[in-house]
Amino acid sequence: MSYKRFDLEDIVVSSDAVTAPCWANNAVSLSAAFTSSTQVAASSGNYYYNIYNEDPNSSSTASIQFSVAYGNRSGSNAQAYDAAVSKSYSSTVYGQFRTLLLGDEDTDFTFASSSGAETVTPDSVAFISVERARFKEKLFPGSLTLRLRSGSELLTLTDNSVDTTTDTFVDSGRVYSLYSGSSGVVNNSEVEWGKIFPDVGIIALNHEWLNVSGGYIDLSGSGAHNFTTHNNNDAIFRSIDSGSRSEAFALRSEETVTSNYVFIRCRNAEFNYSNNPSNITGSGELRHSVMIDSPQSYITAVGLYNDNNDLLAVAKLSTPLLKDFTKEALIRVKLDY
Amino acid sequence: MGYLNNGVVTVDAILTKKGREALARGDGSFKITQFALSDDEIDYTLYNPTHPSGSQYYGQAIENMPLLEAFPDETKVMKYKLATLPRGTSKLPLLEAGYASIRLKQGASLAITPQTLNYLGATSTFESGGYTAVIADVRVLSNFTGVGINTEEAENLNTLTTFGTNVSKTVIGTSINLTATSVNTLFGTNTQLQTTIQIIGRDSGARVTIPVTIIKVNT
């Protein structure tokens with residue numbers, strides 16, 4: 001017999017949460033950020049900027065890490081589609097994220113201040129949308145360190161998931177507040193600078209508080225509100241441009257990997273003979289006579305079959321595993337799909 | 001006192017082409033129920049029963065060899081299966097299909113009735129579990145069925161076909177019927193199509209691979 005049927009306890013399904021850095025090449029933090037002049041100049045640049053880990057104009061390995069977009073509840077601070085109507089790119093962005101994240105067109109993004117005693121509803125919200133391939137299934141709460149720059153001043157933000165005893169849910173899943181701090185450790189929770197929606201990989205920043213005079217997303221500089229060059233998106237990008245600083249933007253992804261663990265149990269009397277042509281002569285006799293009473297075989301591969309004898313999956317060992325009548329083998333095969 | 005080796009080897013498996021096809025089909029055929037072991041890559045001529053250092057070293061040249069990664073083509077892996085046979089067996093089962101190679105004209109049919117040699121004390125026998133036959137490229141045959149094993153799984157295999165690409169097809173039977181395709185499309189500018197058929201004894205694990213050539217005759 002060459003096939004052996006599994007017992008019930010031989011196949012185990014295990015789901016494990018796997019976390020990893022979000023950014024390309026498993027970088028713990030984004031050490032540099034670039035925009036694409038092509039994308040910026042395209043019509044999509046009116047809505048968002050794609051942010052790359054390398055300069056896409058000169059590097060073939062540059063890949064999108066996240067996007068930034070500027071949204072405005074009333075459509076201000078952006079070029080209107082038509083002078084006769086108030087809708088603009090910024091109102092489209094605001095409405096898009098409101099529908100996606102909050103699921104209610106009558107609800108606006110609100111942020112708490114003074115330890116939650118006061119809630120504000122800013123007109124302007126900056127959105128950071130992490131590329132799907134980068135955050136995989138969801139963002140890992142408590143892993144965020146986001147630094148915003150204003151000249152030499154730095155504001156470091158993290159989420160409060162570690163301190164939160166009861167998760168808050170909105171239409172897009174869990175939501176946590178962004179406070180001053182890093183890597184899940186909140187230093188000051190008086191001002192809610194933004195929110196993170198880990199299940200959809202999006203960060204919303206209270207743009208109005210960050211855009212105070214000399215603020216972290218400064219739209220007051222030269223060329224600000226120059227709608228034709230999309231400076232709102234550019235201002236957001238510049239504020240989180242990591243430049244040469246380390247740990248500028250650290251974030252981890254999380255995904256659930258479901259694995260089948262299959263236990264291959266070979267009893268001492270099983271699988272000791274081989275049909276390998278180098279092991280037998282043309283008439284089927286064992287090549288080495290010493291193997292008649294003490295047969296030996298070498299396991300190099302495990303095949304997993306269905307009832308039809310279809311080979312569904314195969315696993316190779318790194319080195320041959322000796323099998324004879326004095327040995328039993330236990331091989332654990334991990335099958336991910 | 002030293003630590004004991006707990007002896008568990010962990011390996012990662014990959015899906016074969018057939019496995020991905022079964023997974024995509026979603027009809028329950030992707031259900032792992034049994035396993036087999038093979039010693040592909042092992043060259044037993046390297047086994048040295050005259051090693052001057054003794055029997056512990058007979059297999060030295062084999063045991064230290066590195067192995068290649070698995071291939072996803074189910075017809076190219078698990079070729080030489082390990083078998084469970086009584087101790088003292090001196091002759092291993094061999095599969096005799098009656099053909100060293102098969103050449104069929106378009107539309108022609110052939111029945112293969114394999115036998116197993118040196119199995120269960122018999123010089124020649126038909127295995128009660130039947131034989132598994134795998135055609136590497138199902139497109140070259142218009143009919144590929146197994147007869148003689150009347151289980152539900154064997155019957156289902158006869159009717160199961162995946163269209164469109166060169167996937168394998170597996171059937172079970174004591175006799176395997178095949179008919180060469182009459183369609184010219186696959187030939188292109190060629191006059192022949194070539195593939196292989198692999199026949200495996202379901203009880204013994206004995207295996208033979210036969211090259212198959214389909215000759216274009218239709219114009």
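Letters A, B, ... are given to chains in the order of the sequence lines, protein chains preceding strands, and every chain is numbered from 1.
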Taking all heavy atoms of Leu67(B) and all of Pro320(A), pick out the closest pair and write down the distance.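 So the two residues come closest at CD1-N, 3.7 Å.
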
Nearest heavy-atom neighbours spanning Ile11(A) and Ile32(B):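 So the minimum-distance heavy-atom pair works out to CD1-O, 3.5 Å.
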
Contacting region of [X] [heavy-atom separation from chain B under 4.5 Å]:
X         : value
Ala269(A) : backbone
Glu328(A) : neither
Asn279(A) : both
Leu322(A) : side chain
Leu286(A) : both
Arg5(A)   : both

Determine, using ring centers only, whether Phe35(B) and Phe263(A) are less than 6.0 Å apart.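 Between Phe263(A) and Phe35(B), the centre distance exceeds or equals 6.0 Å.
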
Could you have a look at [options] and say which one has the most heavy-atom pairs with chain B under 4.5 angstrom?
options                                    : result
Ile292(A), Asn276(A), Asn306(A), Leu311(A) : Asn276(A)
Met291(A), Glu270(A), Arg267(A), Lys334(A) : Lys334(A)
Ile264(A), Val314(A), Val333(A), Asp293(A) : Val314(A)
Ala315(A), Cys266(A), Ser274(A), Pro277(A) : Ser274(A)

Is it the backbone or the side chain of [X] that comes under 4.5 Å from a heavy atom of chain A, or both, or neither?
X         : answer
Pro86(B)  : backbone
Ser204(B) : backbone
Ala83(B)  : both

Within the 3.5 Å criterion, strictly below it, is a donor on Tyr58(B) or Gln296(A) matched to an acceptor on the partner's side chain?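 No pair is found: no donor N or O on one side chain lies under 3.5 Å from an acceptor on the other.
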
Given Ser38(B) and Phe271(A), is the side-chain contact (heavy atoms from CB on, under 4.5 Å) satisfied, shown in steps? CA-CA 9 Å; Ser38(B) 79; Phe271(A) 301 107; over 6 Å; no

